[in-house]
Amino acid sequence: MRIFLLAPLLSIAMVGCAANSSDESVQSNSSADTGKQASQQERVRFSDNPYPSTYKPYPSNPTAITGATIYDGEGGRIDNGVVFLSGGKITSVGGPDTPVPADVIVLDGTGKYVTPGIIDVHSHLGNYPSPSVDAVSDGNEITGPVTPDVWAEHGVWPQDPGFSRALSNGGITSLQILPGSANLFGGRSVTLKNVSARTTQAMKFPDAPYGLKMACGENPKRVYGSRRQKPGSRMGNMALNRQTWARAVEYKRRWDKYDEDGGSAPTRNIGMETLKGALEGKIKIHNHCYRADEMALVIDMSKEFGYTISAFHHAVESYKIADLLRDNDICSAVWADWWGFKLEAYDAIPENAALIENAGACAIVHSDDQDQIQRLNQEAAKALADGRRMGLQISDATAIQWITYNAAKALGIEERTGSLKEGKMADVVLWNSNPLSVYARPEKVWVDGALLFDANDPSRRPVSDFELGQPGEGDVK
Amino acid sequence: MKKYLLLSLALFASPVMAQTVAITGGKVVIGDGSAPIENGTVVVRDGKVVAAGANVPVPANTRTIDAQGRWITPGIFAGFSRVGLVEIGAVRQTNDSSGGTSGYNASIDVEPAINPRASAIAVSRSAGVTRAVVAPSTGENIFAGFGAIIDLGQDYDAVTKARAFQFVEFGESGAAEAGGSRSALYTEFRAMLAEAARYARSPGSYDSDILRRSDAKALQDVMSGKVRLVVHVERASDILQLIKLGRQYPRIKWVMAGVSEGWLVADQIAASGIPVIASALNSLPEAFERTAATQSNIGRMQRAGVNVAIGMINDNDAHQLRYSAQYAGNLVALSNVPGATGLSWDEAFAAITSGPARTLGLEASIGSLKPGRVGDVVIWDGDPLELSSAPVAVFVDGVEQSLDNRQARLRDRYRTPEEGALPKAYDR
């Protein structure tokens with residue numbers, strides 16, 4: 001419902017379109033001055049949601065799982081537990097005495113495990129899809145280092161077969177698709193429900209906040225430095241970041257002034273709109289950053305310009321500054337054990353997630369990979385095991401939180417998914433054994449209560465258009 | 001070659017010499033596909049396995065390690081890697097994986113480029129990987145050069161077998177190297193072999209625009225079958241073409257690597273007798289040549305009688321050899337997925353130990369705890385394929401190894417992130 005203000009030349013024509021304006025800032029202003037309210041209602045506005053989600057949950061049957069071990073996504077564990085899903089929501093979760101209505105599907109979960117749907121906070125499914133060919137490589141607008149104007153959802157191909165693998169092998173029910181890291185300001189991300197659809201809009205997680213992808217370090221300076229273009233160094237990275245934020249602050253100030261005082265509206269700038277949204281806290285910052293020292297600089301930069309960072313992504317050196325990240329309430333989305341592919345990943349250690357957790361900061365295990373998204377549970381399990389081996393006390397249920405609730409929190413959707421709490425979306429995975437074991441696989445996956453994967457039923461296995469008529473169509477993958 | 005290895009060990013090597021060691025009371029996995037043996041013993045002497053199994057007597061005056069509650073297995077043999085050739089992938093000064101733009105191809109040899117002190121060797125060793133197939137990457141030709149078999153011990157004597165195989169790219173990569181199409185690839189392959197044959201007839205007068213003298217010379221051992229030819233191939237039709245080529249060049253000892261669509265033509269592969277080092281978990285059509293990729297690929301090939309092992313072809317292959325066990329475990333997991341074909345636990349463990357050795361004709365010396373094999377032994381704190389398990393001791397050629405590495409040092413330094421009385425730089 002956030003509404004952006006419209007450039008003056010277009011203003012008159014757009015007034016009617018924005019008649020349902022309920023912009024929060026307008027409302028707060030208007031309460032101070034009703035006379036001003038009248039003039040503000042003459043302001044012309046753009047929808048801030050021009051490509052809205054058309055996602056609709058699929059039909060669901062009331063279903064109870066009994067006798068299972070439940071990891072609730074918020075660090076809780078229930079043995080011999082019951083989860084009851086109805087109306088697309090989690091209706092009840094509890095121990096063996098939890099009441100289950102008589103006329104519902106009851107699945108015996110004895111020996112099995114239930115978790116919230118797994119959430120990958122960092123994916124390029126759809127914008128770096130399979131097959132990996134230039135024709136569909138749409139994740140980096142590599143024509144300039146500052147492209148907050150591009151939106152990942154405009155480059156997501158919903159027929160990427162990777163979505164179905166993430167569902168059936170990995171139990172992924174929500175995921176954030178980010179622009180790549182070639183650019184300092186890579187563009188807007190989009191959060192999707194992992195439900196196969198004809199259009200990207202039909203996958204969009206309803207009302208999920210947008211994200212803004214930023215990138216530190218080697219990638220921007222390599223890509224542009226090699227073209228003798230700024231940034232060619234980490235100094236250049238920061239300089240261009242700061243110059244851009246300074247422009248964004250000025251852009252926001254001009255619009256705030258227009259909103260307050262009226263007059264001639266500033267020129268609309270699509271990229272600056274995104275940065276303005278980030279400065280207002282409406283768009284979450286997801287900052288690709290490997291090194292501890294660079295993360296610390298970015299934290300200072302966020303204070304310099306007045307925005308907050310939701311998560312550092314990759315963050316292979318978060319363990320070196322876990323206290324700083326805790327104190328600034330910034331999540332770290334990390335791999336379990338990737339390392340060594342470039343110099344800024346040289347100091348990665350497999351205890352990273354566990355050390356972040358141990359310091360009281362927010363740890364997330366992410367994939368950034370079309371293969372590892374199919375076993376994010378295993379990546380969390382390895383990170384847990386490495387932490388325990390060094391003596392850290394971390395529960396199994398906490399490791400599941402790294403790939404569920406904490407990811408939802410970084411995305412701003414934790415009120416609606418990411419844990420098995422009553423009233424939340426029924427995004428649920430039934431695992432055939434402990435998901436922290438290498439031998440476990442999803443048996444059933446529900447999204448908003450709809451059974452969209454069933455290992456026992458080949459007709460509940462999505463097959464993308466790309467795979468129809470190809471060798472291996474509809475195979476177990 | 002093995003004599004040379006022992007000699008060099010004696011001359012240069014290790015701070016700790018191979019001794020006689022008996023590891024007792026553990027769950028022993030031989031690695032040949034047989035079932036684990038409860039309460040077993042493994043005896044290693046002079047760098048070689050002497051005996052492994054139940055009721056194995058412990059020789060007198062032998063260092064004995066109690067492995068009760070633990071697993072005792074051969075070290076993992078990474079079936080395809082670039083370990084030791086790369087410190088940091090994107091730092092070109094540290095990346096020796098390919099012949100690059102040198103103009104040389106088949107004569108490239110990874111042996112002198114192997115760095116036993118590459119960080120990934122210590123990291124992999126601490127995860128129970130003791131041997132690896134190390135392949136070059138292609139430069140500007142379909143032939144990449146000679147690969148080696150190495151151990152991951154902490155001494156400088158890493159190379160078990162130099163010039164163990166020649167590596168060549170077929171399929172999409174090979175087509176790109178050959179000028180842009182599969183047609184060009186097959187033409188180039190045949191032309192290069194023809195030139196190599198011409199060289200064999202009259203080396204003295206050999207001169208060629210197609211194949212340098214050194215590369216022609218390098219191909220001699222490939223054509224005679226003395227050195228295996230490992231071919232990266234993925235698409236079913238390419239696999240069949242390769243089998244056909246195999247019949248046309250019967251002296252060449254072919255090995256296929258990658259083979260994501262192998263299950264489509266598994267019977268033909270089995271009939272050809274060509275061994276396969278396959279990617280374990282490819283499930284996506286990441287390339288058009290892998291449209292039919294499925295994690296059931298290895299299981300289906302194994303059921304069809306293909307001689308198949310696990311390798312990491314172009315998959316974190318310089319740094320993440322520790323994924324071998326996880327990949328094998330995933331193939332076991334498939335056994336519980338309706339419609340999927342996985343491996344039994346015993347088969348899966350063999351696929352990362354004796355399996356790669358068998359595909360390269362090295363099973364008599366590497367990859368299992370049968371008597372006479374290299375003394376690469378790992379003691380694990382649990383099921384070695386399980387994510388929560390890790391080695392507690394690793395032996396290479398009978399020598400107990402350090403499990404320390406850069407990552408462990410960083411971990412220990414930053415156990416608590418805050419600085420103490422002195423900066424972190426003083427904390428070690």
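- When heavy atoms are compared at a cutoff of 4.5 Å, A390(B) approaches chain A by way of both its backbone and its side chain.
- There is a side-chain donor-acceptor pair under 3.5 Å between N314(B) and R82(B).
- Under the 4.5 Å side-chain criterion, counting only non-hydrogen atoms from C-beta, R406(B) is in contact with L410(B).
- When each of A385(A), G340(A), S132(A) is scored by its heavy-atom pairs under 4.5 Å with chain B, the top score falls to G340(A).
- Looking at S119(B), both its backbone and its side chain come within 4.5 Å of chain A, counting heavy atoms on both sides.
- Of the listed residues (R290(B), E386(B), E87(B)), the one with the most heavy-atom contacts under 4.5 Å to chain A is E386(B).
- Remark: the Q407(B) side chain and the D337(A) side chain contain no N/O donor-acceptor pair separated by less than 3.5 Å.
- Using modelled atom types, one finds a donor on one side chain and an acceptor on the other under 3.5 Å when comparing S459(A) with D457(A).
- Side-chain contact between K382(A) and P350(A) is absent, with no heavy atoms from C-beta onward closer than 4.5 Å.
- The most heavy-atom pairs under 4.5 Å with chain B, out of D160(A), N169(A), N358(A), L384(A), come from N169(A).
- Looking at D412(B), there are no atoms closer than 4.5 Å to chain A (heavy atoms on both sides), in backbone or side chain.
- Residues W263(B) and S296(B) bring no donor and acceptor atom of their side chains to less than 3.5 Å of each other.
- For residues 465-477 of chain A, heavy-atom neighbours of chain B at less than 4.5 Å comprise F466(A), E467(A), Q470(A), P471(A), G472(A), D475(A), V476(A), K477(A), sorted by residue number.
- Shown here are the salt bridge (charged side-chain N to carboxylate O under 4.0 Å, His left out) partners of R222(A), two or more places apart in sequence or in another chain: there are none.
- The shortest distance between side-chain heavy atoms of R300(B) and T294(B) falls below 4.5 Å.
- With 3.5 Å as the limit, one finds a donor-acceptor pair spanning the side chains of S332(A) and S318(A).
- Chosen from L387(B), N336(B), T416(B), the residue pairing most often with chain A at heavy-atom distances under 4.5 Å is L387(B).
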Derivation and outcome, side-chain hydrogen bond (donor to acceptor under 3.5 Å, both in side chains), residues W157(A) and Y128(A): CA-CA 9 Å; W157(A) 182 45; Y128(A) 281 111; over 6 Å; no
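- Proximity of E172(B) to E234(B): side-chain heavy atoms (C-beta onward) are nowhere separated by under 4.5 Å.
- With a 4.5 Å cut-off on non-hydrogen atoms, L264(B) touches chain A through its side chain but not through its backbone.
- For chain A, the nearby parts of R411(B) are the backbone and the side chain; heavy atoms of each come within less than 4.5 Å.
- Between the side chains of Y71(A) and W431(A), no donor N or O sits under 3.5 Å from an acceptor N or O.
- Ranking A333(B), P285(B), S388(B), A292(B) against chain A, the residue ahead of the rest is P285(B), based on heavy-atom pairs under 4.5 Å.
- Contact annotation for L324(A): neither backbone nor side-chain heavy atoms come within less than 4.5 Å of a heavy atom of chain B.
- For A236(B), no part lies near chain A; criterion is any non-hydrogen pair under 4.5 Å.
- Contacts between A348(A) and chain B at a heavy-atom distance below 4.5 Å involve the backbone alone (N, CA, C, O).
- Of the N and O atoms on the side chains of S367(A) and E379(A), not one donor lies less than 3.5 Å from an acceptor on the other residue.
- When heavy atoms are compared at a cutoff of 4.5 Å, R415(B) approaches chain A by way of both its backbone and its side chain.
- Proximity to chain A is absent for every atom of L331(B), based on heavy atoms less than 4.5 angstrom apart.
- Proximity to chain B involves both the backbone and the side chain of D347(A), based on heavy atoms less than 4.5 angstrom apart.
- Among V337(B), L385(B), N405(B), the residue making the largest number of heavy-atom pairs under 4.5 Å with chain A is L385(B).
- Of the two parts of L343(A), the backbone and the side chain both hold a non-hydrogen atom closer than 4.5 Å to a non-hydrogen atom of chain B.
- Evaluated for a ring pair (Phe, Tyr, Trp, His ring centres under 6.0 Å) with H319(B), the options W335(A), F341(A), W339(A) yield exactly one hit, W339(A).
- Of the residues considered (Q370(A), E443(A), K342(A)), Q370(A) shows the highest number of contacts with chain B, using heavy-atom pairs under 4.5 Å.
- Taking the six-membered ring where the residue is Trp, Y323(B) and Y327(B) present tilted rings, their angle falling between 30° and 60°.
- Of all residues spanning residues 388-396 of chain A, those with a heavy atom less than 4.5 Å away from chain B's heavy atoms are R389(A), M390(A), arranged by number.
- Among residues two or more places apart in sequence or in another chain, the salt bridge (charged side-chain N to carboxylate O under 4.0 Å, His left out) test is passed with R441(A) by none.
- A 6.0 Å sphere centred on CG of D329(A) holds no more than 12 heavy atoms belonging to other residues, nucleotides or ligands.
- Among the candidates V91(B), D383(B), N95(B), the residue making the largest number of heavy-atom pairs closer than 4.5 Å to chain A is D383(B).
- Contact count versus chain B (heavy atoms, under 4.5 Å) is highest, among A440(A), A381(A), A455(A), for A455(A).
- Looking at heavy atoms from C-beta onward, I403(A) lies in side-chain contact with N377(A) at the 4.5 angstrom threshold.
- Geometric assessment of K444(A) against the ring of F453(A) yields a negative cation-pi assignment under the 6.0 Å and 45° thresholds.
- Side chains of E357(A) and W402(A): a donor on one and an acceptor on the other come within 3.5 Å.
- Neither the backbone nor the side chain of V86(B) has a heavy atom closer than 4.5 Å to any heavy atom of chain A.
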